[in-house]
Student: 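Okay, handing you the structure first.
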There are 2 protein chains.
Amino acid sequence: MKARVTVTLKTGVLDPQGKAIEGALASLGVDGVSSVRQGKVFDIELSGNDQASAHAALTTACEKLLANTVIENYRIDLMA
Amino acid sequence: MKARVTVTLKTGVLDPQGKAIEGALASLGVDGVSSVRQGKVFDIELSGNDQASAHAALTTACEKLLANTVIENYRIDLMA
């Protein structure tokens with residue numbers, strides 16, 4: 001089974017990397033960009049086909065390793 | 001208008017960061033993970049509401065800055 005985990009900064013948390021990208025895009029002449037926030041994505045392959053246990057394993061993975069839950073949100077999408 | 005750009009490594013490109021995460025998850029006791037690949041996600045806000053021009057601006061942004069098209073794929077999702 002495949003899954004995608006997306007980790008993004010919570011609203012209100014400063015994102016200097018996103019700000020730098022905004023500045024760089026403006027210098028490169030890409031117009032109309034008003035804000036950029038950067039996050040991470042993890043494409044994970046799991047052995048087994050049980051959706052519930054896959055979701056449980058991924059939640060543990062996010063809480064323990066993939067996301068810093070103080071400042072980041074995570075979202076788990078399971079693909080068949 | 002909001003958009004999400006997802007940048008992932010092309011198939012066949014080595015991902016040592018993903019391998020490290022795989023190892024760390026195994027050490028933490030998260031079972032059933034057979035492969036991890038890490039990518040980046042950019043949540044972008046654009047001024048204006050024209051889908052076509054937004055898509056064109058984001059394509060330029062990806063080609064020039066956000067993705068290294070030699071080793072990475074990008075995907076643009078526009079949200080209303």
Side-chain angles (χ1 to χ4, degrees), chain A residues 1-11 13 15 17-67 72-75 77-78, chain B residues 1-11 13 15 17-67 72-75 77-78:
Chain A
M1 187 185 293
K2 289 190 176 191
R4 169 163 282 185
V5 173
T6 312
V7 176
T8 49
L9 283 173
K10 289 186 177 173
T11 317
V13 177
D15 181 8
Q17 198 170 4
K19 284 279 165 214
I21 294 167
E22 265 177 61
L25 286 176
S27 322
L28 287 169
V30 179
D31 295 325
V33 173
S34 54
S35 125
V36 179
R37 288 179 73 80
Q38 181 166 8
K40 287 171 280 188
V41 65
F42 304 93
D43 287 316
I44 300 178
E45 263 180 60
L46 297 135
S47 51
N49 275 314
D50 181 32
Q51 295 245 345
S53 67
H55 202 280
L58 290 173
T59 303
T60 313
C62 287
E63 295 281 342
K64 282 191 177 174
L65 183 71
L66 301 180
E72 290 171 330
N73 293 317
Y74 62 87
R75 179 192 160 90
D77 295 298
L78 290 171
Chain B
M1 187 184 294
K2 288 189 177 193
R4 169 163 282 186
V5 172
T6 312
V7 175
T8 50
L9 283 173
K10 288 187 177 171
T11 316
V13 177
D15 181 9
Q17 197 171 5
K19 285 280 166 214
I21 294 167
E22 264 176 63
L25 287 176
S27 324
L28 286 169
V30 179
D31 295 326
V33 173
S34 54
S35 123
V36 179
R37 288 180 73 80
Q38 182 167 6
K40 287 170 280 187
V41 65
F42 303 94
D43 287 317
I44 299 177
E45 263 180 61
L46 297 136
S47 51
N49 275 314
D50 180 32
Q51 295 247 344
S53 69
H55 201 280
L58 290 173
T59 303
T60 313
C62 287
E63 295 281 341
K64 283 192 177 173
L65 182 73
L66 301 180
E72 290 171 329
N73 292 318
Y74 62 87
R75 179 192 158 91
D77 295 298
L78 290 171

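Letters A, B, ... are given to chains in the order of the sequence lines, protein chains preceding strands, and every chain is numbered from 1.
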Student: Of the listed residues (Q17(A), M1(A), R4(A)), which shares the most heavy-atom pairs with chain B below a 4.5 Å separation?
Tutor: R4(A)

Student: Which of residues 48-63 of chain A get closer than 4.5 angstrom to chain B, counting heavy atoms alone?
Tutor: A57(A), T60(A), A61(A)

Student: Does NZ belonging to K19(A) count more than 12 external heavy atoms closer than 6.0 Å?
Tutor: no

Student: For S47(B), give me all partners under side chain to side chain contact (heavy atoms under 4.5 Å, CB included), at least two apart in sequence or on another chain.
Tutor: none

Student: Suppose a student defines contact as a heavy atom less than 4.5 Å from any heavy atom of chain A. Which residues in residues 35-46 of chain B would they list?
Tutor: S35(B), V36(B), R37(B), Q38(B), G39(B), K40(B), V41(B), F42(B), D43(B), I44(B), E45(B), L46(B)

Student: Chain B heavy atoms under 4.5 Å from T6(A): which part of the residue, side chain, backbone, both or neither?
Tutor: side chain

Student: When only pairs under 4.5 Å are counted, which of L25(A), V7(A), L66(A) shares the most heavy-atom pairs with chain B?
Tutor: L25(A)

Student: If I measure from the heavy atoms of chain B, does D31(A) come under 4.5 Å with its side chain, its backbone, both, or neither?
Tutor: backbone

Student: For K2(B), enumerate each residue passing the salt bridge (charged side-chain N to carboxylate O under 4.0 Å, His left out) test, keeping only those at least two apart in sequence or located in another chain.
Tutor: none

